[in-house]
K.L.:
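Let me give you the structure first, and then I'll get to my questions.
One-based numbering, in listed order, for ligands and for the atoms of each. Predicted model only: the values in this text are computed from it and were never measured. For the single chain, residues carry numbers from 1 onward in sequence order.
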Amino acid sequence: MKVNKDKETIRQYLSDESAAFSAKPDNVEAVYFPETEDELVEIIRTFKGKITISGAGTGITGSRVPIHGGIVISTERMIKPGKRVQCRELSHKGLAGDFFIYLDEEKHLAHAGPGTSISELACVLPRNMIYPPDPTETSALLGGTVATNASGARCFYYGPTRNWVVGLRLVLSDGEVVDVRRGRTFADENGIINFTSETGKHYRIRIPEYHMPDVKNAAGLYSKPGMDLIDLFIGSEGILGIISEISIKLIRVDKEPVSILAFFRSENDAMGYVDIIRDMKDRGILAIEYFDRNALDFIRAQFPEIKPDLDAAILLEMKAESLDTLAEISELLSRFNEVEDWCATTSSDLRDLKEFRHSLPDSVNAYLKRHESYKIGTDFVVPVRQFPRMMTKYKEVGEKFKHRFPRTGTHYVIFGHIGDCHLHFNFITASDGERVYAKELYLELARTAIALGGTISGEHGVGKKTLLVEGRNIPYLELMYGESGIREIARVKRELDPELRLNVGNMGVV
Ligand SMILES: Cc1cc2nc3c(=O)[nH]c(=O)nc-3n(C[C@H](O)[C@H](O)[C@H](O)COP(=O)(O)OP(=O)(O)OC[C@H]3O[C@@H](n4cnc5c(N)ncnc54)[C@H](O)[C@@H]3O)c2cc1C
């Protein structure tokens with residue numbers, strides 16, 4: 001197994017895409033690159049200190065950042081799952097070498113290593129089969145997306161990663177291996193889950209005692225009466241064990257989806273349109289994405305054909321089989337005074353519209369670099385009936401920020417998964433003073449989302465994020481579940497990792 005102790009390699013694992021967290025190179029002893037589950041077990045059994053697990057490092061909450069030192073285990077070379085008889089073996093050349101998946105075409109299942117990236121997985125699958133979760137950043141590894149319960153635009157129809165994971169193999173902090181299959185092990189009426197490792201070691205866990213908000217949610221450990229054991233590990237940000245193999249459900253898709261990007265001069269019109277198409281989900285509406293006026297201004301640099309003075313755009317994706325719905329949507333668009341729409345029915349048009357959506361983060365990042373600015377982005381979700389109130393709050397907070405710091409340039413940009421009432425409000429800050437105020441406003445927004453029955457994270461997770469609340473820096477998750485919620489998570493962690501070795505610092509557990 002490759003182990004690297006040189007500072008240059010270690011340095012690559014000291015931060016993530018957030019650029020808000022960094023670990024000290026001298027605190028990290030080495031980066032290990034296991035290729036098999038056995039090698040993973042060997043590391044856990046021989047090294048006795050703190051361990052941080054790394055995927056591709058595209059996370060934006062510092063969750064793979066080894067701020068407590070010890071070693072890093074990079075899972076990027078874990079690209080060959082154990083051989084599965086009665087499955088078709090498919091392989092492809094990836095960045096980390098030849099990766100393999102085992103495909104059970106009849107059952108629509110695939111078994112993959114955690115180091116397989118989302119884009120590599122798409123390359124290796126037969127053309128008419130897809131893995132529905134579609135996080136935007138496709139260099140993310142399957143292991144990382146399971147550990148964060150990642151979602152994408154099509155989460156509106158297909159749900160998050162959780163809905164598509166049917167099996168996990170994990171190495172626990174004591175070096176034991178557990179094979180968890182969906183539908184086999186559940187919490188009893190007292191919230192207790194009993195299970196055994198492959199060598200027969202017995203574990204007894206009581207699930208966290210808190211109520212999760214009833215919205216798309218990636219904050220904290222999963223907890224629901226009668227829950228399946230596998231759901232405790234999905235979205236657990238690596239604090240309970242290291243995923244060594246993943247079994248996922250696939251679907252057969254014979255035609256590419258259809259996309260319609262509609263532009264509006266009035267935001268009220270855009271919202272009226274969204275309210276109606278949200279209710280048409282069961283007819284094959286896969287994704288509903290929103291772009292505010294500022295987002296369109298950013299994208300215009302790359303798509304100059306976007307007309308001036310637009311207030312909002314809505315990108316809708318629907319199954320090709322739902323073409324009869326298309327006529328209805330056209331009628332709706334004229335009822336809500338659309339300015340124009342771009343419709344994609346061919347692969348190349350679809351690529352253009354995907355490019356449209358993906359160009360936004362790039363344009364924002366380029367702007368930040370040019371203006372030496374810094375972005376503070378939210379990930380809140382609220383229940384549908386509360387969404388208008390949250391939207392009003394976003395606007396109010398945006399105006400407050402502009403009013404306090406009048407200057408040229410953009411102050412904020414809002415875009416995201418409006419189908420799930422999950423928008424990303426991004427403060428664009430240009431000075432330390434602006435950053436301090438933006439963080440105050442961020443707290444105001446987070447409190448509003450919670451008060452409305454929502455969550456502080458719909459897809460990014462909470463990682464090592466903290467917030468300054470009344471002069472005290474608290475774990476981000478504490479805002480939603482209180483100190484007792486963090487204690488509950490710590491209790492569950494201790495049941496599986498009594499010496500607090502794995503991914504310490506995530507979800508506020510230290
Ligand atoms: C431009 C951009 C767009 C993005 N878009 C989306 C989006 O649409 N939806 C979304 O949900 N997220 C999005 N993200 C965030 C990020 O891509 C996801 O959180 C992703 O799931 C992280 O995967 P990763 O492999 O990079 O994991 P990392 O960042 O390396 O790690 C994330 C967490 O997973 C843990 N982990 C990784 N592998 C394992 C394993 N094998 N076992 C146990 N724990 C493990 C790590 O310890 C860490 O806690 C985006 C990020 C960027 C930069």
K.L.:
More than 12 heavy atoms of other residues, nucleotides or ligands under 6.0 Å from NZ of Lys5: yes or no?
P.N.:
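No - once you tally the heavy atoms of other residues, nucleotides and ligands closer than 6.0 Å, there are 12 at most.
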K.L.:
So with a 6.0 Å cut-off around CZ of Arg491, is the heavy-atom count from everything else above 12?
P.N.:
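It does: Arg491 CZ has more than 12 such atoms within range.
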K.L.:
Assess whether ring-ring contact (aromatic ring centres under 6.0 Å, His included) is satisfied between Tyr442 and Phe380, documenting all intermediate values.
P.N.:
CA-CA 10 Å; Tyr442 182 107; Phe380 311 133; 5.5 Å; yes
K.L.:
Which residue owns the protein heavy atom closest to atom 9 (N) of ligand 1, what's the atom, and how far is it?
P.N.:
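Its nearest protein heavy-atom neighbour is Ser151 O, 2.5 Å.
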K.L.:
Tell me, yes or no, whether the heavy-atom count around Asp214 atom CG, taken from other residues, nucleotides or ligands under 6.0 Å, exceeds 12.
P.N.:
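Incorrect, the count does not exceed 12.
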K.L.:
Looking at Lys48, I want to see if its NZ is surrounded by more than 12 non-hydrogen atoms of other residues, nucleotides or ligands under 6.0 Å.
P.N.:
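Yes, enclosed.
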K.L.:
May I ask whether Ser117 has any heavy atom positioned less than 4.0 angstrom from an atom of ligand 1?
P.N.:
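No, Ser117 has no heavy atoms under 4.0 Å from ligand 1.
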K.L.:
Checking a contact table here: which protein heavy atom is nearest atom 46 (C) of ligand 1, and how many Å away?
P.N.:
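Of the protein heavy atoms, Ile53 O, 3.2 Å lies nearest.
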K.L.:
Nearest to atom 28 (P) of ligand 1, what protein heavy atom do you find, and at what distance?
P.N.:
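I find the closest protein heavy atom is Gly57 N, 3.5 Å.
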K.L.:
Counting only heavy atoms from other residues, nucleotides and ligands, does the tally under 6.0 Å from NZ of Lys2 exceed 12?
P.N.:
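Buried by this count: over 12 neighbours within 6.0 Å.
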K.L.:
Check each heavy atom of Thr75 against ligand 1 and say whether those closer than 4.0 Å belong to the side chain, the backbone, both or neither.
P.N.:
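It is the side chain that gets close, since no backbone atom is under 4.0 Å.
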K.L.:
Provide, to 0.1 Å, the distance between atom 33 (C) of ligand 1 and the closest protein heavy atom, together with that atom's residue and name.
P.N.:
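It is Ser63 OG, 3.3 Å.
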K.L.:
What residue and atom, counting heavy atoms only, is the protein's closest point to atom 51 (C) of ligand 1, and at what distance?
P.N.:
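It is Thr58 O, 3.3 Å.
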K.L.:
Can you confirm whether or not the ring centre of Phe425 sits under 6.0 Å from the ring centre of Tyr412?
P.N.:
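Phe425 vs Tyr412: aromatic centres under 6.0 Å.
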K.L.:
Check each of Asn503, Asn506, Leu500 against Lys493 using the side chain to side chain contact (heavy atoms under 4.5 Å, CB included) test, and report the only one that passes.
P.N.:
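Going through the options one by one, the only one that passes is Leu500.
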K.L.:
Angle class for the His424/His422 ring planes (parallel below 30°, perpendicular above 60°, tilted otherwise)?
P.N.:
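His424 vs His422 ring planes: perpendicular.
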K.L.:
Tell me the protein heavy atom at minimum distance from atom 4 (C) of ligand 1, and give that distance in Å.
P.N.:
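Among all protein heavy atoms, the one nearest atom 4 (C) of ligand 1 is Glu137 CB, 3.7 Å.
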K.L.:
For ligand 1, indicate whether the residue Leu170 contacts it via side chain, backbone, both or neither (heavy-atom separation under 4.0 Å).
P.N.:
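None of Leu170 does.
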K.L.:
What protein heavy atom sits nearest atom 37 (C) of ligand 1, and how far off is it?
P.N.:
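Scanning the protein heavy atoms, the shortest distance from atom 37 (C) of ligand 1 goes to Gly144 CA, 3.5 Å.
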K.L.:
Under 4.5 Å between any side-chain heavy atoms of Asn217 and Val381, yes or no?
P.N.:
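Result no, sub-4.5 Å side-chain heavy-atom pair not found.
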K.L.:
Contact between ligand 1 and Pro361 is defined here as a heavy atom of the residue under 4.0 Å from a ligand atom; is it met?
P.N.:
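No, Pro361 has no heavy atoms under 4.0 Å from ligand 1.
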K.L.:
With the threshold set at under 4.0 angstrom, would you say Thr148 reaches ligand 1 through any of its heavy atoms?
P.N.:
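Right, Thr148 reaches ligand 1.
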K.L.:
How far is atom 35 (C) of ligand 1 from its nearest protein heavy atom, and which residue and atom is that?
P.N.:
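The answer is Ala147 CB, 3.6 Å.
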K.L.:
Between Glu17 and ligand 1, which residue portion shows a heavy-atom distance shorter than 4.0 Å: side chain, backbone, both, or neither?
P.N.:
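Answer for Glu17: side chain.
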K.L.:
Going by heavy-atom distance to atom 5 (N) of ligand 1, choose the closest among Asn506, Ile246, Thr136, Leu240.
P.N.:
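That would be Thr136.
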K.L.:
Of the backbone atoms (N, CA, C, O) and the side-chain heavy atoms from C-beta on, which set of His460 has a member under 4.0 Å from an atom of ligand 1: side chain, backbone, both, or neither?
P.N.:
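The answer is the side chain of His460.
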K.L.:
With a heavy-atom distance limit of 4.0 Å, tell me whether Thr52 approaches ligand 1 through its side chain, its backbone, both, or neither.
P.N.:
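The answer is neither; Thr52 stays 4.0 Å or more away.
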